[in-house]
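Inspection log for the structure reproduced underneath, given as structure tokens.
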There are 2 protein chains.
Amino acid sequence: MKRTIENEVGSNHSLTRQRILDAAETLFAEKGFEATSLRMITAEAGVNLAAVNYHFRSKDALIDAVIARRIQPINQERLAMLAEATDKAAGRPPELEDIVRAMIAPVLRLRQRDPGVGRRVGLLFGRTYADPNEMVRPAFFNHMREIFRPFTEALRRALPSLPPAELLWRMHFGVGVMAHTLAGCDHLQVISGGLCDLSDVEGVIERMVNFICAGMRAPLVAQPGRYLENL
Amino acid sequence: MKRTIENEVGSNHSLTRQRILDAAETLFAEKGFEATSLRMITAEAGVNLAAVNYHFRSKDALIDAVIARRIQPINQERLAMLAEATDKAAGRPPELEDIVRAMIAPVLRLRQRDPGVGRRVGLLFGRTYADPNEMVRPAFFNHMREIFRPFTEALRRALPSLPPAELLWRMHFGVGVMAHTLAGCDHLQVISGGLCDLSDVEGVIERMVNFICAGMRAPLVAQPGRYLENL
DNA sequence: GTCTATATGGGGATAGAC
DNA sequence: GTCTATCCCCATATAGAC
């Protein structure tokens with residue numbers, strides 16, 4: 001038997017493997033990782049139960065593969081947009097709007113090519129930020145580490161007067177806006193009576209960029225308590 | 001046997017019942033609803049497995065009871081703070097900061113009396129906003145309905161020039177800031193190297209109020225696409 | 001109200017034939 | 001690579017003694 005890196009645990013391009021990844025993505029997005037069984041996945045994919053362990057070794061490894069397949073191209077596009085924003089600024093600090101848009105747009109624009117995939121990936125990632133599983137969040141944030149530094153550095157340059165701790169707080173708030181919008185898109189559509197949905201992708205991106213940038217630029221305020229001491 | 005409403009399905013003040021609620025809250029917050037079994041809960045509570053079904057009828061009903069016990073007093077305090085903000089304004093629109101603070105402060109201030117309970121409830125609620133379970137989110141938002149209208153109305157008065165759909169989007173973003181901060185508190189502490197944590201409760205509240213109010217007040221911007229048409 | 005024991009079903013993972 | 005059959009464990013829920 002020919003042994004390459006690809007087929008040590010199943011070929012990376014096997015049709016069965018792809019069908020499992022697609023079915024798992026759909027079910028994980030719809031029901032969550034924990035509530036989705038391998039039996040549901042293989043039934044949906046139309047493959048044999050044992051195929052999951054052959055191609056992915058374990059459910060945890062399958063979860064990581066599902067996340068990795070989508071997050072990697074998205075993060076590459078984020079870094080490309082960030083590089084573009086940095087180039088555009090020509091030595092000056094990059095524009096805050098461009099940095100925030102570089103973070104947000106790639107994941108939302110998935111909906112333009114394929115709304116089904118876009119919605120699934122949005123739900124998947126939006127929920128992963130709050131997932132209680134011991135393996136899921138570390139796996140996800142492991143993939144996010146490669147973009148954390150470049151984005152932090154760009155934001156630091158765009159907002160030079162913001163103390164470091166305050167910058168991290170506001171980045172955290174901004175990620176919350178994104179995560180909650182991705183995970184809660186269906187719910188907003190319901191409570192708004194259809195007034196708000198994610199079909200106008202570019203409009204939603206600009207709404208989020210607008211909101212987050214305003215929050216990031218908010219003047220520091222002195223308030224009751226030890227607020228200013230902890231910056 | 002004396003039959004009152006309270007003891008039709010176990011007394012509401014039974015010690016066993018309380019121990020189950022406490023253990024369930026801890027485990028749900030730590031591992032999530034799906035990954036927590038009744039066996040873990042009864043082991044942690046030091047009670048018999050069958051006691052859960054006696055006191056709560058089912059796991060779903062227990063989940064709802066755990067959520068309800070905490071959300072009800074929090075929502076009462078939110079409404080009280082909102083009423084105070086409205087009174088203070090004396091006929092004029094209430095101050096935006098006061099409205100946002102009324103929404104955010106009660107759940108964060110739980111940490112002041114008891115950091116353990118506060119953290120658990122924060123994780124529980126923060127994650128519930130993104131929970132994939134078919135029963136969890138509806139149950140949670142059913143409890144939130146009683147505060148949705150008063151807060152929406154107050155915000156509409158405080159931001160009269162904001163179109164209705166835009167207000168809903170920004171409320172959604174604001175909730176995202178709160179939910180993600182509650183659910184991701186531990187993670188922010190780690191990635192910030194301890195620079196950011198939730199122990200300075202009032203400081204965190206004011207940071208969030210500051211960020212959200214700036215986002216809510218952001219000028220509308222015309223951007224590429226159909227942004228302004230969809231307001 | 002609380003216990004033991006059990007009914008009933010589903011979970012992840014694997015062995016070994018093909 | 002794919003299948004069947006199975007191991008072993010855990011889930012929720014309930015019946016019925018105490």
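Note that the coordinates shown come from a computational prediction; the quantities given were computed from them, not determined experimentally. By convention in this document, chain letters (A, B, ...) are assigned in the order of the sequence lines, proteins followed by strands, and residues within each chain are numbered from 1. As a basis for the values below, the full set of heavy atoms in this structure was taken, side chains included, without hydrogen atoms, waters or symmetry mates.
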Closest heavy-atom pair, B:His180 versus A:Tyr129, reported as atoms and distance to 0.1 Å, is NE2-CD2, 3.9 Å

From CG of B:Asn53 across to P of C:dA5 the rounded distance in Å is 18 Å

Below 4.0 angstrom from OP1 or OP2 of C:dT4, is there any side-chain N or O of B:Asn48? yes

key: Close side-chain approach of B:Ile212 and B:Met103, heavy atoms under 4.5 Å   = no

Taken to the nearest whole Å, CG/B:Leu15 to P/C:dT2 is 8 Å

Can you find an N or O donor on one side and an acceptor on the other, under 3.5 Å apart, linking the side chain of A:Arg39 with the base of C:dG10?
no

| said: Is there a side-chain contact between A:Arg101 and A:Asp98 in this structure, where contact means two heavy atoms from C-beta onward sitting under 4.5 Å apart? | reply: yes

Which of A:Gln76, A:Glu77, A:Arg78 passes side-chain contact (heavy atoms from CB on, under 4.5 Å) with A:Ile74? It is A:Arg78

| said: Applying a 4.0 Å non-hydrogen cut-off, can you work out what B:Ala50 is touching in the nucleic acid: base, sugar-phosphate, or nothing? | reply: base

B:Leu49 CG to D:dT14 P, in whole Å, measures 12 Å

From CD of B:Gln18 across to P of C:dT2 the rounded distance in Å is 12 Å

| message | With a cut-off of less than 4.0 Å, is there a side-chain N or O of A:Ser37 near OP1 or OP2 of C:dG11? | response | yes

Is the phosphate of C:dT2 approached by B:Thr16 (side-chain N or O, under 4.0 Å from OP1 or OP2)? yes

Between CZ of B:Phe56 and P of D:dT14 the distance, given in whole Å, is 16 Å

To the nearest angstrom, the CE-P distance between A:Met40 and D:dA11 comes to 16 Å

Side-chain atoms of B:Tyr54 come closest, of D:dA13, C:dA13, C:dT2, to C:dT2

Practice problem: Salt-bridge test for B:Arg19 and B:Glu44: reply yes if a basic N is under 4.0 Å from a carboxylate O, no otherwise. | Solution: no

Between NE2 of A:His55 and C1' of D:dT2 the distance, given in whole Å, is 8 Å

To the nearest angstrom, the CD1-P distance between A:Ile20 and C:dA13 comes to 13 Å

Closest to the side chain of B:Ser58, out of C:dT14, D:dA13, C:dT2, is D:dA13

